[in-house]
Amino acid sequence: MTPPDVRLRETTPDDVPRMYHIQLDAESNSLAGVRPRSEAAFNELWDKILSGDGEVKPRVIVIDDDVVGAISSFPAHGQVHVGYWIAREHWGKGIASRALELFLLDERRRPLHACAACHNPASIRVLEKNGFRVTGRRMGEETERYVACEVTDFVLD
């Protein structure tokens with residue numbers, strides 16, 4: 001199977017409604033070990049990111065001019081992290097792997113950290129295919145956003 005032509009572009013305010021709907025998917029949230037944000041919370045977060053200081057590097061993942069996901073680097077716990085989200089109807093097509101590969105060509109900060117729920121083998125494969133190595137496993141704490149679950153931590157040096 002040939003993966004689709006994946007492109008990244010800077011995120012704009014016009015992308016926020018599509019990204020909001022993508023993050024509502026119950027199966028996606030279950031795999032990621034998160035709860036979806038309310039529309040108000042989602043919009044508030046993206047207003048902050050899009051008017052921010054540049055510490056967050058947001059990109060949308062585009063195929064044939066359609067936004068199919070998002071990827072970004074962001075500060076967390078004193079480290080630079082990367083995260084991505086692909087609309088479920090586009091899973092299994094190599095899109096996340098290619099999007100991360102493209103993102104890493106532009107995001108040169110290292111070390112770069114990531115984490116994935118241990119019950120999400122596809123995301124773990126995406127990170128490992130792009131050179132991330134496992135640094136450990138831990139129990140993720142239950143919060144308003146996160147579901148308590150075992151998490152694998154990664155780093156790209």
Would you call the rings of His81 and Phe74 parallel, tilted or perpendicular, where under 30° means parallel and over 60° means perpendicular? parallel
Other residues, nucleotides and ligands only: do more than 12 of their heavy atoms fall within 6.0 Å of CD on Glu44? no
Quick one: does any side-chain atom of Ser72 pair with a main-chain N or O of Lys57 as donor and acceptor, under 3.5 Å? no
Rounded distance [0.5 Å steps], CD1 in Ile95 versus CG in Asp5: 10.5 Å
Quick check: do Glu128 and Phe154 have side-chain heavy atoms less than 4.5 Å from each other? yes
Would Ile61 and Ile71 count as a side-chain contact (heavy atoms from CB on, under 4.5 Å) here? Give the steps. CA-CA 7 Å; Ile61 303 166; Ile71 189 166; 4.2 Å; yes
Quick one: CG on Asp25 to CD1 on Ile86, what's the gap to the nearest 0.5 Å? 12.5 Å
Would you compute the distance between atom CG of Asp157 and atom CZ of Arg133 and round it to the nearest 0.5 angstrom? 4.5 Å
Within this structure, what is the CG-CD distance for the pair Asn120 and Glu150, rounded to the nearest 0.5 Å? 13.0 Å
Indicate yes or no: does Arg98 engage Glu101 in a salt bridge with an N to O separation below 4.0 Å. yes
Verdict with reasoning, Val151 to Arg138, per side-chain contact (heavy atoms from CB on, under 4.5 Å): CA-CA 5 Å; Val151 175; Arg138 61 183 164 80; 3.7 Å; yes
State, to 0.1 Å, how close Ile22 and Gly69 come at their nearest heavy-atom pair, and which atoms those are. CD1-N, 4.0 Å
Would a hydrophobic clustering, with Ile, Leu, Val, Met, Phe, Trp and Tyr connected at side-chain separations under 4.5 Å, put Tyr84 with Leu31? yes
So that I can tick it off, tell me whether Asp64 and Arg7 are bridged by a salt bridge, with the cut-off set at under 4.0 angstrom between side-chain N and carboxylate O. no
Dump the intermediate steps for side-chain contact (heavy atoms from CB on, under 4.5 Å) on Glu10 and Asp15, then the final yes or no. CA-CA 10 Å; Glu10 290 191 27; Asp15 298 319; over 6 Å; no
Is the backbone N or O of Thr143 less than 3.5 Å from a side-chain atom of Arg35, with the two atoms forming a donor-acceptor pair by type? yes
Taking the side chain as everything from C-beta on, heavy atoms only, tell me whether Val126 gets closer than 4.5 Å to Phe132. no
Heavy atoms only: give me the nearest Val6-Leu102 pair and the separation to one decimal. O-CD1, 3.4 Å
Closest approach of Arg137 and Cys118, non-hydrogen atoms and distance? CD-SG, 4.0 Å
Please find the pair of heavy atoms, one from Phe42 and one from Gln23, that lie closest to each other, and give the distance. CE1-CG, 3.5 Å
Evaluate whether atom OH of Tyr146 has more than 12 neighbouring non-hydrogen atoms of other residues, nucleotides or ligands under 6.0 angstrom away. no
Can you tell me how far CD of Glu89 sits from OG of Ser28, rounded to the nearest 0.5 angstrom? 8.5 Å
For Arg109, does its backbone N or O pair with a side-chain atom of Glu107 as donor and acceptor, under 3.5 Å? yes
If two hydrophobic side chains count as joined below 4.5 Å and joins carry through other members, does Val134 share a cluster with Met139? no
Going only through I, L, V, M, F, W and Y residues with side-chain contacts under 4.5 Å, is there a path from Val80 to Trp85? no
Run the side-chain contact (heavy atoms from CB on, under 4.5 Å) check on Trp91 and Glu27 step by step: do they pass? CA-CA 11 Å; Trp91 290 358; Glu27 190 173 342; 3.7 Å; yes
Any chain of hydrophobic side-chain contacts (each under 4.5 Å) joining Val67 to Leu50? yes
4.5 Å side-chain heavy-atom contact, Leu156 and Val82: no
I'd like to check Pro4 versus Lys93 (side-chain heavy atoms, cut-off strictly below 4.5 Å). Are they in contact? yes
Give a yes or no on whether a salt bridge exists between Asp66 and Arg18, defined as a side-chain N under 4.0 angstrom from a carboxylate O. no
More than 12 heavy atoms of other residues, nucleotides or ligands under 6.0 Å from CD of Glu144: yes or no? no
Reported CH2-to-OG1 distance for the pair Trp46 and Thr12, which is rounded to 0.5 angstrom: 10.0 Å
Between Arg145 and Pro36, what is the shortest heavy-atom contact and its length? NH1-CA, 3.8 Å
Quick check: do Leu104 and Arg110 have side-chain heavy atoms less than 4.5 Å from each other? yes
Locate the shortest heavy-atom distance separating Glu142 from Ala148; write the atom from each residue and the value. OE1-N, 2.9 Å
Shared ILVMFWY cluster between Met19 and Val56, side chains joined below 4.5 angstrom? yes
